[in-house]
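These notes concern the structure reproduced below.
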Amino acid sequence: MPIPAGILRESVVIEQESTTRNDLGETVATWTTFASRRAAVEAISYSEQERRKQIGGIGTYTIRMRYVPGLTGKMRVRWASRSSRILYIASVIEQNNREEHELTCDEKAT
């Protein structure tokens with residue numbers, strides 16, 4: 001059964017890392033758009049920790065969207081609806097015979 005369109009309220013952009021070399025021969029990582037999708041984003045947890053006199057946290061989210069061919073855990077998700085938050089994909093689950101993806105993503109807040 002496909003995901004009902006009514007729950008796909010957020011805009012997300014899936015980005016893929018590509019590397020190039022600059023004039024000095026150093027490797028430079030850039031992110032390019034792989035796909036744009038409507039998705040359901042749900043916060044799961046948030047943990048805060050103090051490291052080197054700075055407080056930072058990690059938020060965990062679940063993202064459900066229609067199937068995206070070629071999606072891997074090396075990509076990242078830019079959550080356009082929330083001030084371009086960057087979510088790093090921790091796991092990718094294909095559900096219902098390739099009709100949808102469920103992603104578990106971490107946001108490293110500083």
Side-chain angles (χ1 to χ4, degrees):
M1 175 182 235
I3 303 173
I7 67 167
L8 304 177
R9 297 177 184 202
E10 306 291 341
S11 292
V12 297
V13 176
I14 300 164
E15 296 180 332
Q16 177 174 299
E17 185 178 24
S18 57
T19 57
T20 58
R21 298 227 178 242
N22 63 12
D23 295 337
L24 300 173
E26 300 169 323
T27 303
V28 178
T30 57
W31 292 90
T32 56
T33 299
F34 179 76
S36 297
R37 291 287 190 270
R38 300 294 295 174
V41 181
E42 180 183 344
I44 297 173
S45 67
Y46 181 80
S47 62
E48 211 171 70
Q49 58 187 345
E50 182 179 350
R51 190 179 291 173
R52 296 187 188 130
K53 305 272 186 202
Q54 295 180 347
I55 295 178
I58 297 176
T60 303
Y61 297 86
T62 296
I63 298 176
R64 287 183 62 203
M65 67 179 77
R66 292 195 173 94
Y67 182 77
V68 181
L71 180 68
T72 68
K74 292 182 180 180
M75 297 176 181
R76 72 181 188 182
V77 178
R78 188 164 33 90
W79 185 5
S81 301
R82 299 288 181 145
S83 303
S84 293
R85 287 178 152 170
I86 303 297
L87 305 177
Y88 296 93
I89 299 173
S91 70
V92 177
I93 300 171
E94 293 176 9
Q95 294 188 344
N96 300 329
N97 197 20
R98 294 188 172 191
E99 289 182 2
E100 69 180 82
H101 269 124
E102 183 175 299
L103 311 177
T104 302
C105 299
D106 295 327
E107 176 188 27
K108 296 171 177 81
T110 56

Distance (rounded to the nearest 0.5 Å) between [X] [atom1] and [Y] [atom2]:
{"X": "R78", "Y": "S36", "atom1": "CZ", "atom2": "OG", "result": "7.5 Å"}
{"X": "M65", "Y": "I14", "atom1": "CE", "atom2": "CD1", "result": "4.0 Å"}
{"X": "I7", "Y": "R38", "atom1": "CD1", "atom2": "CZ", "result": "12.0 Å"}
{"X": "I89", "Y": "C105", "atom1": "CD1", "atom2": "SG", "result": "5.5 Å"}

Are any non-hydrogen side-chain atoms of I63 and L87 less than 4.5 angstrom apart?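 SC-SC contact between I63 and L87 confirmed.
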
Is the shortest heavy-atom distance from the side chain of T62 to the side chain of L103 under 4.5 Å?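 Contact flag for T62/L103 side chains = no.
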
Is there a side chain to side chain contact (heavy atoms under 4.5 Å, CB included) between R64 and V41 once you walk through the steps? CA-CA 7 Å; R64 287 183 62 203; V41 181; over 6 Å; no

So if I apply the side chain to side chain contact (heavy atoms under 4.5 Å, CB included) rule between F34 and each of E17, M75, R76, which one comes out positive?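 Among E17, M75, R76, the one that satisfies the side chain to side chain contact (heavy atoms under 4.5 Å, CB included) with F34 is M75.
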
Does E26 pair with R21 as a salt bridge, N-O distance under 4.0 Å?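 A salt bridge is absent here (no side-chain N lies under 4.0 Å from a carboxylate O).
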
Looking only at side chains, do W31 and Q16 share a donor and an acceptor under 3.5 Å apart?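 W31 vs Q16: no donor-acceptor pair found between side chains.
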
Dump the intermediate steps for side chain to side chain contact (heavy atoms under 4.5 Å, CB included) on T104 and T60, then the final yes or no. CA-CA 7 Å; T104 302; T60 303; 4.0 Å; yes

Applying side chain to side chain donor-acceptor pair (under 3.5 Å), which residue pairs with at least one partner in residues 65-74 are found, sequence neighbours left out?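 Matches after skipping sequence neighbours: none remain.
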
Go through Y61 and E42 one step at a time and tell me if the side chain to side chain contact (heavy atoms under 4.5 Å, CB included) criterion holds. CA-CA 6 Å; Y61 297 86; E42 180 183 344; over 6 Å; no

Working for side chain to side chain donor-acceptor pair (under 3.5 Å), residues S18 and T30: CA-CA 5 Å; S18 57; T30 57; 3.2 Å; yes

Begin from the C-alpha positions of E15 and T32 and carry the test side chain to side chain contact (heavy atoms under 4.5 Å, CB included) through to its verdict. CA-CA 5 Å; E15 296 180 332; T32 56; over 6 Å; no

